[in-house]
Protein chains: 2
Amino acid sequence: MIKFKKYDYQCASEIILGLISGKWKVLILSHLSNQTFRYNELQKLMPGATQKMLTMQLRELENDGLVIRKVYAVAPPKVEYFLSPLGLSLVPMLNTLCELGSDYLKNKQT
Amino acid sequence: MIKFKKYDYQCASEIILGLISGKWKVLILSHLSNQTFRYNELQKLMPGATQKMLTMQLRELENDGLVIRKVYAVAPPKVEYFLSPLGLSLVPMLNTLCELGSDYLKNKQT
DNA sequence: CGGGATCCTATTGGATACTG
DNA sequence: CAGTATCCAATAGGATCCCG
């Protein structure tokens, strides 16, 4: 039994799933895997996400140490988001997940 | 945009996450990756899961083609669960996920 | 033995309005 | 620009009882 963040996990893989489970998290991570983005740029990339959801998902990713939020003390406000080393370490796995997903779809169509 | 099972996915990786997201799914998959189990054997392996949840998760895994349910026409009933080729194809990824989870924990403790 | 049916709670996500 | 705050709907999960 693994205790982490008020949850009990039976398997360490569930921890990673907890980190990336959330309606917009993998999408955010995949965007940030390419480059740094500002808040409103991410909004444009994900028109379906409300402000509340985008902010929530970013905050969780930040608290879990996958994403870094850099605030510039300027007016108007400027905030940049980019992957931490920990977030970067998940990128190959996310790509694998993506390939498996494509394979799965092909398989299900035949 | 990928349409699959009444959901719209922006990234193929979300499909795999949908398949294995569920409180007991990765645990079921990890047990079945080693050997075939009967229903009540799985119950004993996962004391925290209620009958309803165990059945639900197994049915979803079956409907998604990851697990095969084999019913023997005997009395008392006998039902066996084991991984399909599709389910087996996810095992290496699940192991990777497990390693990443362990790494993450170590990192967070320091 | 291997479930199904019902009822209830908790968590997640959405819509909308407001702000330093 | 980059968020908060509030209220509400949908889904996931849990407790309990029943059945061929």
Side-chain angles (χ1 to χ4, degrees), chain A residues 4-11 14-15 17-29 31-32 36-64 67-82, chain B residues 4-11 14-15 17-29 31-32 36-64 67-82:
Chain A
F4 182 66
K5 291 180 66 177
K6 86 173 178 180
Y7 294 111
D8 293 331
Y9 296 104
Q10 322 263 343
C11 176
E14 298 173 7
I15 293 173
L17 287 178
L19 299 181
I20 62 176
S21 289
K23 187 137 181 199
W24 303 96
K25 287 190 183 175
V26 296
L27 208 55
I28 291 172
L29 293 174
H31 284 312
L32 295 185
T36 293
F37 280 110
R38 295 182 59 171
Y39 184 86
N40 67 347
E41 293 173 327
L42 287 173
Q43 263 191 310
K44 283 166 196 159
L45 289 170
M46 296 175 278
T50 63
Q51 286 185 328
K52 174 194 161 187
M53 279 309 295
L54 183 54
T55 302
M56 271 186 49
Q57 304 280 284
L58 284 168
R59 287 288 184 285
E60 291 181 17
L61 290 170
E62 186 194 2
N63 292 334
D64 290 334
V67 161
I68 295 175
R69 176 171 178 266
K70 188 169 179 180
V71 183
Y72 295 85
V74 296
K78 175 179 175 182
V79 180
E80 283 182 349
Y81 292 93
F82 54 96
Chain B
F4 181 65
K5 291 180 65 177
K6 87 173 176 181
Y7 294 112
D8 292 331
Y9 295 105
Q10 323 261 343
C11 176
E14 297 174 5
I15 292 174
L17 287 178
L19 298 180
I20 63 178
S21 289
K23 186 136 182 201
W24 304 97
K25 287 191 183 177
V26 295
L27 207 55
I28 292 172
L29 292 174
H31 285 312
L32 295 185
T36 294
F37 280 110
R38 294 183 59 173
Y39 184 86
N40 66 348
E41 292 173 328
L42 287 173
Q43 263 192 311
K44 283 166 198 162
L45 289 170
M46 296 175 279
T50 62
Q51 286 184 330
K52 174 193 161 187
M53 279 310 294
L54 183 53
T55 303
M56 270 187 49
Q57 304 279 284
L58 284 168
R59 287 287 185 283
E60 291 181 20
L61 290 170
E62 187 194 359
N63 291 334
D64 289 335
V67 161
I68 295 175
R69 178 172 179 265
K70 187 170 180 182
V71 183
Y72 295 85
V74 295
K78 175 178 173 180
V79 179
E80 283 182 349
Y81 292 94
F82 54 95

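Below, chains carry the letters A, B, ... as their sequence lines are ordered, and counting in each starts from 1. Side-chain atoms are counted along with the backbone in the values below, which use heavy atoms only and exclude waters and symmetry mates. Only a predicted model underlies this, so the values are computations on that prediction, with no experimental measurement involved.
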* Please check the phosphate of D:dT4 (OP1 and OP2 only) for any side-chain N or O of A:Tyr39 closer than 4.0 Å. => no

* What is the distance from CD of A:Glu80 to P of D:dC1, rounded to the nearest Å? -> 15 Å

* Structure fact -> note: A:Leu54, atom CG; C:dT12, atom P; distance rounded to Å ~ 18 Å

* Asked: Which nucleotide sits closest to the side chain of B:Lys6: D:dT11, C:dG3, D:dG3?
  -> D:dT11

* **Spacing between A:Lys5 atom NZ and C:dT11 atom C1', to the nearest angstrom** => 14 Å

* **B:Lys52 side-chain N/O to D:dC17 phosphate OP1/OP2 under 4.0 Å** => no

* To do: Among the candidates C:dG3, D:dA5, D:dG13, find the nucleotide nearest to the side-chain atoms of B:Arg69.
  => C:dG3

* Using atom NZ of A:Lys70 as one end and atom C1' of D:dG3 as the other, report the distance to the nearest whole Å. => 20 Å

* Considering only heavy atoms from C-beta outward, does the side chain of B:Lys5 approach that of B:Asp64 to under 4.5 Å? -> yes

* Asked: Got B:Met46 and B:Met53 here, is their nearest side-chain heavy-atom distance under 4.5 Å?
  -> no

* A:Arg59 side chain N/O closer than 4.0 Å to the phosphate oxygens (OP1, OP2) of D:dT4? -> yes

* Given the rule in the side-chain hydrogen bond (donor to acceptor under 3.5 Å, both in side chains) test, do A:Glu80 and A:Tyr72 qualify, once you have shown the distances and angles that lead to the verdict? -> CA-CA 8 Å; A:Glu80 283 182 349; A:Tyr72 295 85; 2.9 Å; yes

* Asked: Rounded to whole angstroms, how far apart are CE on A:Met53 and C1' on C:dG14?
  -> 8 Å

* To do: May I ask you to verify if any side-chain N or O of A:Arg38 is less than 4.0 angstrom from the OP1 or OP2 atom of D:dC1?
  => no

* To do: Name the nucleic acid region contacted by B:Pro76, choosing base, sugar-phosphate or nothing; use a 4.0 angstrom heavy-atom cut-off, strictly under.
  => sugar-phosphate

* **Partners passing side-chain contact (heavy atoms from CB on, under 4.5 Å) against A:Lys52 (at least two apart in sequence or in another chain)** => A:Thr50, A:Met56

* To do: Round to the nearest Å and state the distance from A:Met56 atom CE to D:dT6 atom C1'.
  => 14 Å

* **Between D:dA12 (C1') and B:Lys25 (NZ): distance, integer Å** => 11 Å

* Asked: Picking from C:dG14, D:dG3, C:dG3, which would you name as closest to the side chain of A:Lys23?
  -> C:dG14

* Quick one: label A:Tyr72 by what it contacts on the DNA or RNA (base, sugar-phosphate, nothing), any heavy atom closer than 4.0 Å. => nothing

* Roughly how many Å is it from CD in B:Gln57 to P in C:dG2, rounded to a whole number? -> 18 Å

* Distance below 4.0 Å between A:Tyr81 side-chain N/O and D:dG3 OP1 or OP2 -> yes

* Taking the inter-plane angle between the rings of A:Tyr9 and A:Phe4 on a 0 to 90° scale, is it parallel (under 30°), tilted (30 to 60°) or perpendicular (over 60°)? -> tilted

* Structure fact -> Between B:Glu60 and B:Gln51, the residue closer to the 5' end of DNA chain D by nearest nucleotide is B:Glu60

* To do: Could you pick out which residue, A:Pro77 or A:Gly22, lies toward the 5' side of DNA chain C when each is mapped onto its nearest nucleotide?
  => A:Gly22

